[in-house]
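What follows is a short report on a single structure.
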Amino acid sequence: MLSVGLIREHPELIQESLIKRGASEKVQMIDEILREDKRRREALTLQQTKQQDLNSESRSISTLMRAGKKEEAQTAIERQKHLKSDIKDLAQEITSSENALSELLLAIPNIPHESVPDGLTEANNVILHTHGEIPAFEFTPLPHWEIATRHGMIDFERGAKVAGAGFPFYMGIGAQLHRTLIQLFIDTATPDYTEVRPPLFVNPASAQGTGQLPDKEGQMYSVGDGFYPIPTAEVPLTNYYRDEILAESDLPVRLCAHSPCWRREAGSYGAHVRGLNRLHQFDKVEIVQLTHPEHSYDVLEDMRRHAEHLLKILELPYRCLLMCAGEMGFNQTKQYDLEVWSAGQRRWLEVSSISNFTDYQARRLNLKFRPEHGGRPQLVHTLNGSALALPRIVAALLENNQKEDGSFELPSVCSP
RNA sequence: GGAGGGGUGGCAGAGUGGUUGAAUGCACUGGUCUUGAAAACCAGCGUGCCGAAAGGUACCGGGGGUUCGAAUCCCUCCCCCUCCGCCA
């Protein structure tokens, strides 16, 4: 969430950013926030004054009691009665005000960085660069689900029988390719990132910390005992230091993890969800950094280059998009998407999303660092990126490297 | 799952109803001393919120309660430890 202080000082800035994101219906919420914030602070100040009176009364009662002046103490106790009831009423007002305020604040998205292009639709995303040649075929290239099925690499039907649509079995060389890619992605990350095997279920506090709750509740599965299967390793990785104050010298924190990811994908349908395009369970290698606020945008570029490097060594044609304000995630200030060419489907598939959240997530996470040269603890900046999501990489590898006779030849890095 | 014990500042560890946001030690920061360092000594050293500031207020796992007053008593939830059981 954004800080109330920032909204208080620059309401017009936030309103502009809402319009830029195509959320003009939320502009009036800023005024509500300002009103609610004022109400809260007034009640709080009054309550604190009364509390101060009460405290000093209590201290004098203590003195009277010790001196054995019971009657005087009794009078003072009587005097406290209405003070206490005022405090109680004010506390109620403060609570209701705080609840209203935090509900409003949760509805306000992060502020797009100045370098983020205007626009509300896919068409307004900027293609920053394209790498590699889109392969030309003398025959009609097949979609990956046909290639994979033909070679017995992936069994969608039995996956549907055993679990449901979107839960494929990878079999034989399919499973092996999958494993090799995970190994490649992790090995490429570990010179810079600490490898993590995270919990695959998290509690509600963690889901809230990274912003899955309350806004994206419908995206996650939930299991008994209040746990959520992670929709991405971002959740456990970014929550790792939740509610902690790091030393400035601990920054940047760099973590990477391979994990399965579970997503309900409610409302998805049609050809775009065929095969490996959109699954309820898929694997991904995620990279996360916690940085000093001054460095987060440089780090964002590093992380983008890291993900692009993987696509290069996989020899996959890809393009890098800078997402426009309206297409960016709610928590992000700047987001890159990497898309690979899918020869069989003749379209681009998103395989990575790399984002800077600045302090927006960190505020919810209560994740700070102590400045080396004194001063109060400051919020870190959090960033994450996929490096990379597995299924669509498998899809693109098969489709782009297929031959007319139905076979395929993958780059040597894909061999175990 | 059963029985018991426990959660206090970066760490260790006092504190069982009254100026306790919290002793003491360690760690850390600054200073004195020293050619320099160590040692010794002195001082400082949690977080949030309100406030221009002075200052105030809240926080001793979370929430609620009793009381004029709660780290301290009660209820509840969470977590950790020990023993037993079960088990990859």
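Worth knowing before you read on, the calculation uses all heavy atoms, side chains too, and leaves out hydrogens, waters and symmetry mates. Quick note on labels: first sequence line is chain A, next is B, and so on, each numbered from 1.
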| remark: RNA chain B nearest-nucleotide lookup for A:Asp37 and A:Lys88: closer to the 5′ end is A:Asp37
| request: Search all heavy atoms of A:Arg304 against all heavy atoms of A:Ile354 and return the closest pair with its distance. | output: CA-CD1, 3.8 Å
Between the protein and nucleotides 53-56 of chain B, list the N/O to N/O atom pairs that are separated by less than 3.5 angstrom.
residue: B:G56; atom: O2'; partner: A:Gln52; partner atom: OE1; Å: 3.4
residue: B:G56; atom: N2; partner: A:Gln48; partner atom: OE1; Å: 2.9
residue: B:G56; atom: N2; partner: A:Gln48; partner atom: NE2; Å: 3.2

| Across all strands shown, which nucleotide pairs with B:A37 by Watson-Crick or G-U wobble geometry, both distances under 3.5 Å? | none
| query | Between B:G85 and B:U76, how far is it from one C1' atom to the other, in whole Å? | reply | 27 Å
| message | Does B:C50 have OP1 or OP2 under 4.0 Å away from a side-chain N or O of A:Arg40? | response | yes
| Spacing of A:Leu246 atom CG relative to B:G10 atom C1', expressed in whole Å | 13 Å
| Min side-chain heavy-atom separation A:Gln80-A:Leu54 under 4.5 Å | yes
| Hey, is A:Arg35 close enough to A:Glu32 for a salt bridge, meaning N to O under 4.0 Å? | no
| request: Verify whether one side chain among A:Ser355 and A:Lys334 offers a donor that lies under 3.5 Å from an acceptor in the other. | output: no
| request: Name the pairing partner of B:U57, where a pair is Watson-Crick or G-U wobble with both distances under 3.5 Å, or state none. | output: B:G48
| B:U29 - base-pair partner by Watson-Crick or wobble geometry, distances under 3.5 Å | B:A43
| request: With the side chain of A:Lys368 defined as its heavy atoms from C-beta on, choose the nearest nucleotide among B:G48, B:G51, B:C68. | output: B:G48
| said: Whether A:Arg59 contacts B:C68 is assessed here as follows: a side-chain N or O lying under 4.0 Å from the phosphate OP1 or OP2. Is that the case? | reply: no
| remark: Applying the 3.5 Å cut-off to both distances, the Watson-Crick or G-U partner of B:C83 turns out to be B:G2
| said: For A:Pro377 and A:Arg41, find the nucleotide of RNA chain B closest to each by heavy atoms; which residue's nucleotide sits nearer the 5' end? | reply: A:Pro377
| Quick one: are the ring centres of A:Tyr297 and A:His381 less than 6.0 Å apart? | no
| task | Rounded to the nearest angstrom, tell me the gap between atom CG in A:Asp53 and atom P in B:U19. | result | 20 Å
| said: Please report the distance, rounded to the nearest Å, between CD in A:Glu98 and P in B:A58. | reply: 15 Å
| Can you tell which of B:C68, B:U19, B:U47 lies closest to the side chain of A:Ile77? | B:C68
| field | Span that lies between the C1' atom of B:A14 and that of B:C26, in whole angstrom | value | 15 Å
| task | Could you check how far CD of A:Gln80 sits from P of B:U66, rounded to whole Å? | result | 15 Å
| request: To the nearest Å, give me how far apart CG (A:Leu54) and P (B:G69) are. | output: 7 Å
| said: Counting only side-chain nitrogens and oxygens, does A:Arg8 get under 4.0 Å of the OP1 or OP2 atom of B:C50? | reply: yes
| task | Compute both the distance and the angle, then confirm whether A:Arg158 meets the cation-pi test with A:Phe169: under 6.0 Å from the six-membered ring centre, within 45 degrees of the axis. | result | no
| task | Just do the side-chain contact (heavy atoms from CB on, under 4.5 Å) check on A:Glu286 and A:Thr232 with the steps written out, would you? | result | CA-CA 8 Å; A:Glu286 184 78 0; A:Thr232 157; 3.8 Å; yes
| If you look at every strand shown and take non-hydrogen atoms under 4.0 Å, does A:Lys84 touch a base, only sugar-phosphate, or nothing? | sugar-phosphate
| Nearest listed nucleotide, side chain of A:Thr45, among B:C50, B:U47, B:G69 | B:C50
| message | Suppose you measure atom P in B:C75 against the same atom in B:U24; what distance do you get, rounded to whole Å? | response | 34 Å
| Below 4.5 Å, heavy atoms only, C-beta onward: do A:His280 and A:Glu265 meet side chain to side chain? | yes
| task | Between B:A23 and B:U34, how far apart are the P atoms? Round to whole Å, please. | result | 33 Å
| request: With C1' as the reference atom in both, quote the distance from B:A52 to B:C59 in angstrom, rounded to an integer. | output: 26 Å
| said: Side chains of A:Tyr228 and A:Gln212: any donor to acceptor distance under 3.5 Å? | reply: no
| request: Please check if any side-chain donor atom of A:Thr291 sits under 3.5 Å from a side-chain acceptor atom of A:Gln289, or the reverse. | output: no
| message | I'd like the P distance from B:C11 over to B:A27, given in whole Å. | response | 16 Å
| said: Side chains of A:Glu234 and A:Asn384 only: does a donor on one sit below 3.5 Å from an acceptor on the other? | reply: yes
| request: In whole angstrom, give the distance that lies between atom CD of A:Gln51 and atom P of B:G69. | output: 10 Å
| said: Please name the nucleotide paired to B:G17 by Watson-Crick or G-U wobble geometry with both distances under 3.5 Å, or report none. | reply: none
| Nearest-Å distance for atom pair NE2/P, residues A:His82 and B:C68 | 15 Å
| field | B:G17 and B:U66, which share atom name C1', separated by this distance in whole Å | value | 12 Å
What N/O pairs connect the protein and nucleotides 59-62 of chain B at under 3.5 Å? Give each pair on its own line.
none

| Whole-Å C1' distance, B:A12 and B:C83 | 26 Å
| field | Check: A:Arg274/A:Asn277 side-chain N/O donor and acceptor closer than 3.5 Å | value | no
| message | Just the rounded figure in Å: distance from C1' of B:A58 to CD of A:Gln47. | response | 9 Å
| remark: The nucleotide from B:C50, B:U57, B:C49 with an atom nearest the side chain of A:Arg376 is B:C49
